[in-house]
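One is the number of the first residue; the rest follow in order along the sequence.
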Amino acid sequence: MSTLSNSKAPGKTARRLAVGTVALGAATLGYAVGIERRRWTLRTAELPVLAAGAKPFTILHISDLHMLPGHVSKQRWVAALDELEPDLVVNTGDNLSHQQAVPSVLRALGPLLDRPGVFIFGSNDYYAPKPKNPARYLMPKGKKKRIHGEHLPWRDLRAAFVEHGWDDLTHVRRTIEVADQYVFTAGVDDAHLRRDRYADIAGPADRGAAVRIGVTHSPEPRVLDEFAGDGYDLVLAGHTHGGQLRVPGYGALVTNCELDRTRARGASRWGAQMWLHVSAGLGTSPYAPARFACPPEASLLTLVPRGTTSGDHRKAAPRKARNTVR
């Protein structure tokens with residue numbers, strides 16, 4: 001009897017382990033789909049990129065809304081970010097995921113559109129997402145076949161942004177006034193779609209400005225190197241979703257571009273002089289509505305003169321943006 005009982009024990013243990021693994025997987029998926037992808041989060045950072053003597057100012061970096069008409073809580077949370085009173089809003093694209101989403105994006109950004117702002121577009125402003133095998137993101141880039149959905153009304157969105165006074169930086173160099181000082185800006189179209197034409201904006205950035213800021217949707221190294229070579233102090237990008245599904249203690253598995261995974265979100269140095277800030281974004285594809293260890297985010301960046309390290313200039317998060325990371 002004792003021998004028979006012991007022979008059955010390994011089978012019971014294996015079944016329990018299998019049941020436990022399935023239960024853990026289901027719980028993780030439920031959390032990633034049902035909770036974390038709606039855990040709107042404000043990320044803050046202080047970047048020493050201004051010229052000596054320049055006045056510190058704040059940038060609200062918004063990216064990858066991937067808006068659907070039914071995303072009401074996202075719209076309310078983004079609109080509440082106006083309470084931060086940013087000096088400049090930078091939108092790095094992928095606002096749309098639906099033909100009817102333009103009014104929803106404008107409701108989300110409504111109060112912020114009255115502030116100084118600049119923008120460029122990403123692939124999901126031009127084309128709607130389509131169902132894809134998630135495994136394709138782990139494939140070598142050369143083996144991927146690009147899949148485009150139906151055309152989206154990006155021209156309508158652009159017209160609304162421009163009408164409210166935001167500057168379209170797509171292949172444009174422009175000096176704007178922010179916090180009573182001059183900021184030199186330039187941007188490129190989506191490098192993920194290879195629509196970027198850096199040659200259109202090539203040339204040394206204005207050394208007389210308080211800061212020189214480049215804008216791109218996908219942080220492709222070839223584009224970042226061009227900005228760095230022309231003397232930009234900071235480049236803002238999105239696209240990566242921070243990896244979207246991160247492994248605690250390891251980080252992002254992929255970036256969906258040529259950027260290395262250690263830079264999938266947040267601030268990092270690019271070369272000797274330039275900083276890069278990559279937003280993990282506020283949305284997902286409707287066909288992959290999950291985030292894990294990577295909550296949806298907007299970023300409040302405080303720009304200070306080089307050599308400054310104090311956090312005295314940070315602004316508090318608005319009442320509706322309680323989830324905050326640094």
Under a 3.5 Å distance rule, please check whether Arg261 uses its side chain to pair with a backbone N or O of Tyr250 as donor and acceptor.
yes
Applying a strict under-4.5 Å side-chain criterion to I, L, V, M, F, W and Y, I'd like to know whether Leu282 and Leu84 cluster together.
yes
Would you call Asp190-Arg195 a salt bridge at under 4.0 Å N-O?
no
Could you label the plane-to-plane angle of the His239 and His192 rings as parallel, tilted or perpendicular, counting under 30° as parallel and over 60° as perpendicular?
tilted
Taking the side chain from His71 and the backbone from Leu68, do they hold a donor-acceptor pair closer than 3.5 Å?
yes
Between the main-chain N or O of Arg39 and the side-chain N or O of Thr41, is there a donor-acceptor pair closer than 3.5 Å?
yes
Leu300-Leu109 co-clustered via ILVMFWY side chain contacts under 4.5 Å
yes
Using a 6.0 Å cut-off, check whether atom CD of Glu177 has over 12 heavy atoms from anything other than its own residue.
yes
Grouping I, L, V, M, F, W and Y whenever their side-chain heavy atoms are under 4.5 Å apart, do Leu169 and Ile62 come out in a common cluster?
no
Counting N and O atoms only, with roles assigned by atom type, does the side chain of Gln181 sit under 3.5 Å from a partner on the main chain of Ala210, one being a donor and the other an acceptor?
no
Centres of the His217 and Phe121 rings: under 6.0 Å?
no
Would you please say whether a donor-acceptor pair under 3.5 Å links the side chains of Thr92 and Ser63?
yes
Is it true that Arg291 and Glu36 make a salt bridge, defined as a side-chain N closer than 4.0 Å to a carboxylate O?
no
Any donor and acceptor pair, going by atom type alone, linking the side chain of Tyr198 with main-chain N or O of Val188 inside 3.5 Å?
no
Just by distance, no angles: are the side chains of Trp154 and Asn95 close enough, under 3.5 Å, to form a donor-acceptor pair?
no
Got a donor-acceptor contact below 3.5 angstrom from the Asp125 side chain to the Gly93 backbone?
no
Could you please spell out the steps behind the side chain to side chain donor-acceptor pair (under 3.5 Å) verdict for Asp189 and Thr170?
CA-CA 5 Å; Asp189 208 344; Thr170 305; 5.2 Å; no
Charged N to carboxylate O under 4.0 angstrom, Asp196 versus Arg222?
yes
I'd like to know if Arg197 and Asp200 make a salt bridge, using a cut-off of under 4.0 Å between side-chain N and carboxylate O.
yes
Please determine whether residues Trp166 and Leu106 belong to a single hydrophobic cluster, defined as Ile, Leu, Val, Met, Phe, Trp and Tyr linked transitively by side-chain heavy-atom distances below 4.5 Å.
yes
Would you say Ile120 ends up clustered with Val178 if hydrophobic residues are merged whenever their side chains have heavy atoms under 4.5 Å apart, either directly or through other cluster members?
yes
Could you tell me whether a side-chain N or O of Arg246 sits under 3.5 Å from a main-chain N or O of Gly242, the two making a donor and an acceptor?
yes
Without swapping roles, check the side chain of Asp233 against the backbone of Arg212 for a donor-acceptor pair under 3.5 Å.
yes
Taking the six-membered ring for Trp and the full ring for Phe, Tyr or His, determine whether the centres of Phe184 and Tyr182 are under 6.0 Å apart.
no
Check step by step if side chain to side chain donor-acceptor pair (under 3.5 Å) holds for Arg76 and Ser73.
CA-CA 5 Å; Arg76 290 173 178 168; Ser73 66; over 6 Å; no
Between Thr185 and Arg174, does any side-chain donor sit less than 3.5 Å from a side-chain acceptor?
no
Are His66 and His241 close enough that their ring centers fall under 6.0 Å?
yes
Is there a donor-acceptor contact under 3.5 Å from the side chain of Gln99 to the main chain of Ala128?
no
